[in-house]
Colleague: 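Just dropping this structure here.
Just so you know, residue 1 is the first one in the sequence shown, and it goes up from there.
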Amino acid sequence: MLQPKRVKYRMAFRGNRGGIATKGSLIEFGEFALKSMDSAWVSARQIEAARRAMTHYTKRGGRIWIRVFPDKPVSKKPPETRMGSGKGAVDHYVAVIKPGTILFEMGGVSLEIASEAMRRAAAKLPVEVKFIKKEE
């Protein structure tokens with residue numbers, strides 16, 4: 001599972017997800033990409049599930065680039081705990097996704113294989129996505 005090796009601060013504020021993506025909104029590496037259409041938190045488990053779905057469908061052919069990284073810690077208190085006594089321990093890590101962010105890129109495969117692999121990956125993600133091609 002993806003998570004940072006070390007962090008400057010153990011806990012993080014929830015923040016806001018307003019605005020559209022300016023960085024990471026263009027295809028840089030592959031020929032095809034999965035672009036988010038709305039904002040969400042995507043967990044490390046969801047990213048891994050989407051990656052596995054694409055890799056499995058392409059039979060490990062071509063190349064896949066993961067363009068998002070879960071670097072935001074999300075804390076959670078244990079079940080049946082009373083209110084107060086501070087913030088809970090870090091439970092998992094998420095990537096903050098804004099509209100326009102490229103989530104995955106793929107190259108070295110045909111359009112049909114790439115679109116079907118990306119469709120299967122999109123089913124694993126909590127955000128609405130769009131399949132795009134690189135313009136020459």
Colleague: Go through S85 and K77 one step at a time and tell me if the side chain to side chain contact (heavy atoms under 4.5 Å, CB included) criterion holds.
Modeller: CA-CA 10 Å; S85 70; K77 296 189 80 145; 3.7 Å; yes
Colleague: Hey, which of V68, L125, V129, D38 is the one that makes side chain to side chain contact (heavy atoms under 4.5 Å, CB included) with I97?
Modeller: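 It is V68, the one option of V68, L125, V129, D38 that forms the side chain to side chain contact (heavy atoms under 4.5 Å, CB included) with I97.
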Colleague: Can you confirm whether M1 sits close enough to Y93 that some side-chain heavy atom of one is under 4.5 Å from a side-chain heavy atom of the other?
Modeller: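 They are not in side-chain contact.
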Colleague: Would L111 end up clustered with I64 when hydrophobic side chains under 4.5 Å apart are linked, directly or stepwise?
Modeller: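 The answer is yes; both residues are in one hydrophobic cluster.
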Colleague: Any chain of hydrophobic side-chain contacts (each under 4.5 Å) joining V96 to L34?
Modeller: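 They do not share one cluster, since no chain of ILVMFWY contacts under 4.5 Å joins V96 to L34.
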Colleague: Going hydrophobic residue to hydrophobic residue with side-chain gaps under 4.5 angstrom, can you get from I47 over to F131?
Modeller: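 Yes, I47 and F131 fall within the same hydrophobic cluster.
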Colleague: Any side-chain heavy atom of Y9 within less than 4.5 Å of one from P73?
Modeller: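 The answer is no, as the side chains (C-beta and beyond) never meet within the 4.5 Å cut-off.
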Colleague: Is any side-chain heavy atom of P126 closer than 4.5 Å to one of V42?
Modeller: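 Yes, their side chains come closer than 4.5 Å.
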Colleague: Could you give the distance from OG (S110) to CD (E116), rounded to the nearest 0.5 Å?
Modeller: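 CD of E116 is found 11.0 Å from OG of S110.
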Colleague: Starting at CG of N16, measure out to CZ of R14 and round the result to the nearest 0.5 Å.
Modeller: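 CZ of R14 is found 12.0 Å from CG of N16.
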Colleague: With side chain to side chain contact (heavy atoms under 4.5 Å, CB included) as the criterion, how do T101 and V127 come out once you've worked through the C-alpha distance, each side chain's angles and the decisive distance to 0.1 Å?
Modeller: CA-CA 11 Å; T101 305; V127 62; over 6 Å; no
Colleague: NZ of K124: more than 12 outside heavy atoms within 6.0 angstrom?
Modeller: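 No, NZ of K124 has 12 or fewer neighbouring heavy atoms, counting only those of other groups under 6.0 Å.
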Colleague: Charged N to carboxylate O under 4.0 angstrom, E48 versus R51?
Modeller: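 Answer for the salt bridge query: yes.
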Colleague: Is there a continuous path of hydrophobic side-chain contacts, each under 4.5 Å between heavy atoms, that joins I66 to M118?
Modeller: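 Yes, I66 connects to M118 through the hydrophobic network.
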Colleague: State, yes or no, whether a side-chain contact exists between H92 and P70 at a heavy-atom distance under 4.5 Å.
Modeller: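 Side chain of H92 against side chain of P70, heavy atoms only: no contact under 4.5 Å found.
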Colleague: So do the side chains of M11 and K87 get within less than 4.5 Å of each other, counting heavy atoms only?
Modeller: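 Touching, per the 4.5 Å side-chain cut-off.
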Colleague: With a 4.5 Å cut-off on side-chain heavy atoms, are I132 and F32 touching?
Modeller: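 Result no, sub-4.5 Å side-chain heavy-atom pair not found.
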Colleague: Would a hydrophobic clustering, with Ile, Leu, Val, Met, Phe, Trp and Tyr connected at side-chain separations under 4.5 Å, put W65 with I27?
Modeller: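 Different clusters.
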Colleague: Distance check, rounded to the nearest 0.5 Å: E105 atom CD versus M54 atom CE?
Modeller: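 These two atoms lie 10.5 Å from each other.
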Colleague: Taking NZ in K130 as the centre, count heavy atoms belonging to other residues, nucleotides or ligands within less than 6.0 Å. Is the count above 12?
Modeller: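 No, because the 6.0 Å sphere around NZ of K130 holds 12 heavy atoms or fewer from other groups.
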Colleague: Mind listing the closest non-hydrogen atom pair of G88 and S75 along with its distance?
Modeller: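 Scanning both residues completely, I find the closest heavy atoms to be O-CB, 3.3 Å.
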Colleague: Nearest 0.5 Å, please: how far is CE in M106 from CD in E31?
Modeller: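 Reported value, rounded in 0.5 Å steps: 10.5 Å.
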Colleague: Any side-chain heavy atom of V109 within less than 4.5 Å of one from Y57?
Modeller: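 Of all side-chain heavy-atom pairs linking Y57 with V109, none is under 4.5 Å.
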Colleague: Quick one: pull up CZ in R120 and CZ in R52 and give me the separation to the nearest 0.5 Å.
Modeller: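 The CZ atom of R120 sits 16.0 Å away from the CZ atom of R52.
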Colleague: Mind checking whether I102 and E28 have side chains closer than 4.5 Å, heavy atoms only?
Modeller: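 In short, these two side chains do not touch, never coming nearer than 4.5 Å.
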